[in-house]
Amino acid sequence: MTSKSRVREYFHNDYQPGEKALVRKIDFFILTFCCLSYFTNYLDRSNLNNAYVSGMKEELNFVGDQLNQINAAFTAGYVVGQIPANLSLHYVRPRIFFPSCMIVWAGLTMVTAATHDPQSIAAIRFFQGIAEATTFVGTHYILGSWYTERELGKRSGIFTASGLAGTMVGGFIQTGIQKSLHGRHSLSGWRWLFIIDGLITIPVAIWGYTFFPDTPATTTAFYLTPAQKALAVSRVPPVQDKSPWSWTFFRRSLTSRFFWGFMVLWIIAGETESFSTNALLALYMKSHPVHGYTIPQLNNYPTGVPAVGIISTLFWATLTDFLGGRRYLVGYFIAVTGVVTSALILAASSFPDQVRATPVVFGAYYWAGTVYACQATFFAWANDTLRYEEHMFRAIVLAGMNLGSNVFNAWWAIVFYGASMAPWFIRGMWAMIAVSIALAIWTAGLSYFTAQHERRRKAEFEHVAPITQQSGKQDIEFAS
């Protein structure tokens with residue numbers, strides 16, 4: 001097949017009658033809400049770093065690595081909430097659960113504006129982490145429930161890009177607030193940031209309460225016809241949805257090689273995002289050995305990192321869809337990026353002329369923003385591989401991936417990327433080189449096993465599906 005014909009085939013989907021209209025509807029009602037939810041999620045999450053460089057550090061007397069300790073408190077709450085929140089989707093309708101969590105984290109974000117010391121912020125961020133725990137992996141679970149393998153990568157990419165947009169826009173919002181609201185009603189600009197970010201979240205939650213359609217098997221959405229509901233169910237493999245609360249379920253889940261395979265994948269890949277998630281460019285600028293940057297510059301210049309991440313995410317999500325779901329290719333790209341960008345910053349740290357080193361560091365951090373592509377592609381990879389498994393097993397794996405990554409994030413940032421280590425983070429650069437090499441090795445091994453598994457499961461379902469449709473039973477055990 002020629003490249004031209006492959007491109008034509010990729011953009012031409014052979015839909016069943018009525019399927020294109022269904023996809024348009026779920027794009028509008030599901031993808032719109034999920035993207036807005038994740039946008040506000042990252043807006044509320046990243047505002048701490050924006051506030052830190054906009055006067056909060058001085059006003060609340062931050063010392064040492066207290067910023068990293070607050071982020072660790074958020075991560076601890078995020079870890080605590082991961083699996084319980086995702087399993088809750090089996091018992092509480094997503095249309096109720098997702099927006100309710102949004103209301104909670106919006107309230108906690110606004111309460112942060114009234115704090116007077118770093119310890120209070122740490123306590124608030126812990127509970128905010130619990131409330132936000134289901135947003136990322138819960139949404140990937142929902143996307144995997146509605147979209148086919150051919151559609152999933154692009155949607156996962158758009159969803160992930162929306163979170164990066166929240167990070168990017170947050171910097172511009174802080175700049176605008178600093179100019180227009182700083183000092184209004186005796187409140188600092190960074191305090192207004194938390195109030196406004198929280199208020200932005202509430203209308204999105206109301207949208208979710210009203211329009212989110214749950215899953216294909218449970219939806220009662222008024223805008224879907226009975227025929228469209230039946231079509232939505234037929235588009236995904238007919239897997240029986242059993243109650244997860246049993247010892248057998250947890251034993252089989254936690255001993256599955258795919259649970260551990262994808263968890264370790266995301267533990268390693270999550271740490272390759274450390275340059276961006278720990279706002280190293282902003283901290284580099286804040287502690288620059290030569291230049292003194294203004295508050296607008298401290299907020300605006302780092303927005304280039306998530307901007308690059310958005311482009312990279314959409315590019316790789318689309319490319320891996322086009323290449324038939326070869327999500328593992330992103331792992332090799334990220335490995336190369338991590339090694340090269342770390343080496344550039346290590347080299348720049350030894351430049352005798354620090355003015356000349358500055359563009360090298362900026363370029364390296366902007367390039368490092370491309371590693372955000374792994375979020376969409378690796379979770380789509382897990383969804384693709386586990387498409388033929390029990391829904392709650394897939395939910396456990398997705399939650400386990402994020403849980404494992406955040407357990408490491410809780411201490412990794414303090415050990416390797418503490419704010420007191422700015423501007424060069426030498427230890428962190430060597431850590432990045434190590435995890436980048438480990439990612440390439442793990443990606444190679446996991447891609448081999450997942451390819452074998454998918455071929456076997458597809459063959460099994462081709463044999464079992466006709467019997468399942470007649471008897472209503474499904475006896476195939478999930479991956480071990």
Side-chain angles (χ1 to χ4, degrees), residues 42 45-46 48-50 52-54 67-68 71 160-161 163-172 174-175 269-313 315-316 333-351 353-375 409 412-413 416-436 439:
Y42 257 77
R45 192 183 304 186
S46 65
L48 183 66
N49 293 323
N50 296 125
Y52 182 82
V53 299
S54 302
L67 174 65
N68 303 90
N71 285 329
T160 302
L164 298 176
T167 302
M168 182 177 68
V169 170
F172 295 122
Q174 177 61 61
T175 298
E271 301 316 328
T272 65
E273 295 181 341
S274 293
F275 287 0
S276 306
T277 56
N278 291 294
L280 296 198
L281 179 55
L283 295 176
Y284 167 76
M285 294 170 62
K286 184 83 171 175
S287 304
H288 198 281
V290 178
H291 294 302
Y293 292 93
T294 65
I295 288 179
Q297 288 173 328
L298 289 170
N299 282 290
N300 292 343
Y301 290 178
T303 60
V305 177
V308 171
I310 291 171
I311 296 171
S312 176
T313 295
F315 170 78
W316 280 105
F333 167 75
I334 291 171
V336 172
T337 296
V339 171
V340 175
T341 54
S342 300
L344 286 172
I345 295 171
L346 286 171
S349 68
S350 62
F351 281 10
D353 182 2
Q354 286 303 304
V355 174
R356 190 165 62 90
T358 301
V360 175
V361 175
F362 267 74
Y365 279 129
Y366 285 146
W367 181 5
T370 60
V371 305
Y372 274 123
C374 65
Q375 291 187 9
N409 283 340
W412 192 271
F416 295 108
Y417 304 103
S420 61
M421 301 177 191
W424 297 114
F425 307 98
I426 300 298
R427 188 189 304 169
M429 297 304 130
W430 288 109
M432 180 61 70
I433 291 173
V435 296
S436 297
L439 178 62

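Note that the structure is predicted; figures quoted are calculated from it, not measured. Hydrogens, waters and symmetry mates play no part in the numbers below; they use all other heavy atoms, side chains included. Numbering of residues begins at 1 and proceeds along the displayed sequence.
Without hydrogens or angle criteria, Ser312 side chain to Gly309 main chain gives no donor-acceptor distance under 3.5 Å. Side-chain atoms of Ser342 come within 3.5 Å of backbone atoms of Gly338 as a donor-acceptor pair (strictly under, hydrogens ignored). Formation of a donor-acceptor pair under 3.5 Å by the Asn278 side chain with backbone atoms of Leu280 is not found in this model. Side-chain atoms of Ser287 never come within 3.5 Å of backbone atoms of Tyr284 as a donor-acceptor pair (strictly under, hydrogens ignored). At least one donor-acceptor pair under 3.5 Å links the side chain of Ser349 to the backbone N or O of Leu346. Looking at Asn409, its side chain never comes within 3.5 Å of a backbone N or O of Glu271 through a donor-acceptor pair.
Annotation: the span from Ile311 atom CD1 to Thr370 atom OG1 amounts to 10.5 Å, rounded to 0.5 Å. A distance of 6.0 Å separates CD in Gln297 from CE in Met285, rounded to the nearest 0.5 Å. Atom CD1 in Ile295 sits 7.0 Å away from atom NZ in Lys286 (nearest 0.5 Å). The structure places OG1 of Thr175 at 9.0 Å from CG of Leu298, a figure rounded to the nearest 0.5 Å. The CE atom of Met432 lies 10.5 Å from the CZ atom of Phe416; values are rounded to the nearest 0.5 Å.
Using the six-membered ring where Trp is involved, Trp316 and Phe333 have ring planes that are tilted, between 30° and 60° apart. Between Tyr301 and Tyr293, the angle of the ring planes goes over 60°, which puts this pair in the perpendicular group of the 30/60° scheme. Under the 30°/60° scheme for interplanar angles, the aromatic rings of Phe362 and Tyr366 are found to stand perpendicular.
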query = Under the side-chain contact (heavy atoms from CB on, under 4.5 Å) criterion, do Tyr372 and Ser276 qualify, and how do the steps go?
reply = CA-CA 8 Å; Tyr372 274 123; Ser276 306; 3.1 Å; yes
task = List the steps and the verdict of side-chain contact (heavy atoms from CB on, under 4.5 Å) for Leu164 and Val305.
result = CA-CA 9 Å; Leu164 298 176; Val305 177; over 6 Å; no
task = Dump the intermediate steps for side-chain contact (heavy atoms from CB on, under 4.5 Å) on Thr341 and Tyr365, then the final yes or no.
result = CA-CA 7 Å; Thr341 54; Tyr365 279 129; over 6 Å; no
ask   = Which is it for Ile345 and Phe425 under the side-chain contact (heavy atoms from CB on, under 4.5 Å) test, yes or no, and what are the steps along the way?
value = CA-CA 9 Å; Ile345 295 171; Phe425 307 98; over 6 Å; no
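With a 4.5 Å cut-off on side-chain heavy atoms, Trp367 and Val308 do not count as touching. At a threshold of 4.5 Å between non-hydrogen side-chain atoms, the residues Glu273 and Cys374 count as touching. Looking only at side-chain heavy atoms (C-beta outward), Phe275 and Leu281 stay at 4.5 Å or farther from each other.
Asn49 pairs with exactly one of Asn299, Thr277, Asn71, Leu283 by the side-chain contact (heavy atoms from CB on, under 4.5 Å) rule, that one being Asn71.
The shortest heavy-atom contact between Ala419 and Tyr52 is CB-OH, 4.3 Å. Considering all non-hydrogen atoms of both residues, Ala348 and Val360 come closest at CB-CG1, 4.1 Å. In this structure, Tyr42 and Gly163 approach most closely via the heavy-atom pair CB-O, 3.1 Å. Between Ala161 and Ile310, the closest heavy-atom pair is O-CG1, 3.7 Å.
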